[in-house]
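Written out below as structure tokens is the structure these notes cover.
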Amino acid sequence: MMKASIEKLLNDQIKFEAQASMQYLAMASWADAAGYSGIANFFYSQSEEERLHMTKLVKFVNERSGKVLVPALDAPILEFDSLKALFEKFLNSEIFVTEQINKVIFECLEKKDYNVHNFMQWYVTEQLEEEATARTLLDKLNILGDDRSGYYLFDKDIEGFIGDSK
Ligand code: OFO
């Protein structure tokens, strides 16, 4: 049986992954409406990935005979002042998720639950990749600065990052 503290943290993580999925869906939709189809596709795909991360946790908790509490979610941010603001939100969201995963890992070690610890390693690797992608994209936008003509290329190039982290 899973320790109650670990079960609670895994349920929290289910919420954070679901929250990220809805946030990225909102970001995809914002980009879509603004005419950035590449950026929209990128975030539609990220949103799907986060949903899979959520489901993977739901299945795992059930396999371990834990109790899954499918959560209510906070409303996502719907509006962004700029592409830079959009990608800053992306990076901050990934940093937040990484911090939460680290909390799960810490608790697993405290409670000597090496099974959950092992399962969570997949998320550790995933977060490394996603944070790196978010940083790379933000760096590119910072290079562009106010050069709006570069946004066209950025919107094309970003398609190459789709599905980078699975
Ligand atoms: Fe769930 O992978 Fe990032 O947040």
Side-chain angles (χ1 to χ4, degrees), residues 9-60 70-108 117 119-166:
L9 284 171
L10 291 178
N11 269 299
D12 288 349
Q13 199 59 41
I14 287 169
K15 177 173 180 180
F16 300 140
E17 302 289 345
Q19 198 92 43
S21 177
M22 294 314 279
Q23 182 59 65
Y24 296 159
L25 182 62
M27 287 155 78
S29 180
W30 179 88
D32 215 351
Y36 294 115
S37 57
I39 296 172
N41 285 340
F42 174 79
F43 281 113
Y44 282 131
S45 163
Q46 283 301 127
S47 174
E48 290 294 327
E49 282 194 27
E50 298 301 348
R51 214 190 80 82
L52 290 175
H53 301 172
M54 173 197 68
T55 310
K56 194 176 166 87
L57 276 157
V58 168
K59 290 180 176 170
F60 178 74
V70 174
L73 304 179
D74 305 333
I77 296 171
L78 301 176
E79 299 298 335
F80 300 89
D81 291 340
S82 61
L83 287 186
K84 199 169 162 221
L86 186 76
F87 281 88
E88 276 168 353
K89 176 64 191 161
F90 179 37
L91 178 58
N92 289 336
S93 164
E94 291 304 325
I95 290 172
F96 172 77
V97 170
T98 301
E99 286 168 359
Q100 300 310 310
I101 285 169
N102 289 343
K103 280 187 195 165
V104 184
I105 301 280
F106 181 83
E107 187 64 15
C108 287
H117 182 271
F119 170 76
M120 290 305 292
Q121 292 310 307
W122 183 88
Y123 287 84
V124 171
T125 309
E126 179 69 16
Q127 282 312 116
L128 258 177
E129 289 170 7
E130 289 192 337
E131 270 195 44
T133 299
R135 284 205 169 82
T136 302
L137 292 170
L138 200 50
D139 284 349
K140 284 179 186 294
L141 277 178
N142 282 329
I143 290 169
L144 287 177
D146 291 331
D147 173 15
R148 296 179 66 90
S149 62
Y151 292 175
Y152 176 76
L153 267 184
F154 181 90
D155 189 53
K156 266 177 101 80
D157 281 1
I158 196 171
E159 305 254 19
F161 286 83
I162 294 176
D164 248 17
S165 46
K166 273 271 146 57

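All residue numbers refer to positions in the sequence shown, counting from 1. All values below were derived from every heavy atom in this structure, side-chain atoms included, with hydrogens, water molecules and symmetry-related copies excluded.
Expressed to the nearest 0.5 Å, how far OG of Ser45 lies from CZ of Phe43 amounts to 10.5 Å. Interatomic distance, Tyr152 OH to Asp157 CG, rounded to the nearest 0.5 Å: 10.5 Å. The line from CD of Gln19 to OH of Tyr24 is 11.0 Å long, rounded to the nearest 0.5 Å. Going from atom CZ of Phe96 over to atom CG of Leu91 covers 14.0 Å, rounded to the nearest 0.5 Å. Note that CD of Glu48 and CD of Gln46 are 11.0 Å apart. Values are rounded to the nearest 0.5 Å. We find the CG-CG distance between Leu57 and Leu52 to be 11.5 Å, quoted to the nearest 0.5 Å.
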side-chain contact (heavy atoms from CB on, under 4.5 Å) between Leu141 and Leu137, worked out
CA-CA 6 Å; Leu141 277 178; Leu137 292 170; over 6 Å; no
After noting the C-alpha distance and the side-chain angles of Val124 and Gln121, does the key distance pass the side-chain contact (heavy atoms from CB on, under 4.5 Å) rule?
CA-CA 5 Å; Val124 171; Gln121 292 310 307; 4.2 Å; yes
Residue pair Lys56, Glu126: steps toward the side-chain contact (heavy atoms from CB on, under 4.5 Å) verdict
CA-CA 13 Å; Lys56 194 176 166 87; Glu126 179 69 16; over 6 Å; no
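Counting all heavy atoms, side chain and backbone alike, Ala31 lies closest to Ile39 at CB-CG2, 3.7 Å. For Ala85 against Ser82, the heavy-atom pair with the smallest separation is N-OG, 3.0 Å. The minimum heavy-atom distance between His117 and Cys108, with the atom names listed, is N-SG, 3.7 Å. Closest of all the heavy-atom pairs between Ala26 and Ile77 is CB-O, 3.6 Å. The nearest pair of heavy atoms linking Leu73 to Ala18 is CD2-CB, 3.8 Å. Closest approach of Ile14 and Pro71 over heavy atoms only: CG2-CD, 4.1 Å.
Annotation: Asp81, atom CG; neighbour count of heavy atoms from other residues, nucleotides and ligands within 6.0 Å does not exceed 12. Other residues, nucleotides and ligands contribute more than 12 heavy atoms inside 6.0 Å of the CG atom of Asn142.
Under the ring-ring contact (aromatic ring centres under 6.0 Å, His included) rule, Phe154 has a single partner from Phe161, Tyr36, Phe42, Phe87, which is Phe87. Residue Gln127 is tested with Glu94, Gln100, Glu99 for a side chain to side chain donor-acceptor pair (under 3.5 Å); the sole match is Glu94.
Using a 4.5 Å cut-off on side-chain heavy atoms (C-beta onward), Arg148 and Leu83 make no contact. Residues Gln23 and Glu50 have side chains not in contact (no heavy-atom distance under 4.5 Å, counting atoms from C-beta outward). Looking at Asp74 and Lys15, their side chains come closer than 4.5 Å, going by heavy atoms from C-beta outward. Taking 4.5 Å as the limit, some side-chain heavy atom of Val97 sits within range of a side-chain heavy atom of Ile101.
A salt bridge between Lys103 and Glu107 is absent, with no side-chain N of the basic residue lying under 4.0 Å from a carboxylate O of the acidic one. We find that Lys84 and Glu88 are joined by a salt bridge, their nearest charged nitrogen and carboxylate oxygen being less than 4.0 Å apart.
In this structure, Ser21 contributes its side chain and Ser47 its backbone to a donor-acceptor pair below 3.5 Å. Without hydrogens or angle criteria, Thr136 side chain to Ala132 main chain gives a donor-acceptor distance under 3.5 Å. In terms of modelled atom types and a separation under 3.5 Å, the side chain of Ser29 and the main chain of Leu25 share no donor-acceptor contact.
A donor atom on one side chain and an acceptor atom on the other are found under 3.5 Å apart for Glu17 and Gln13.
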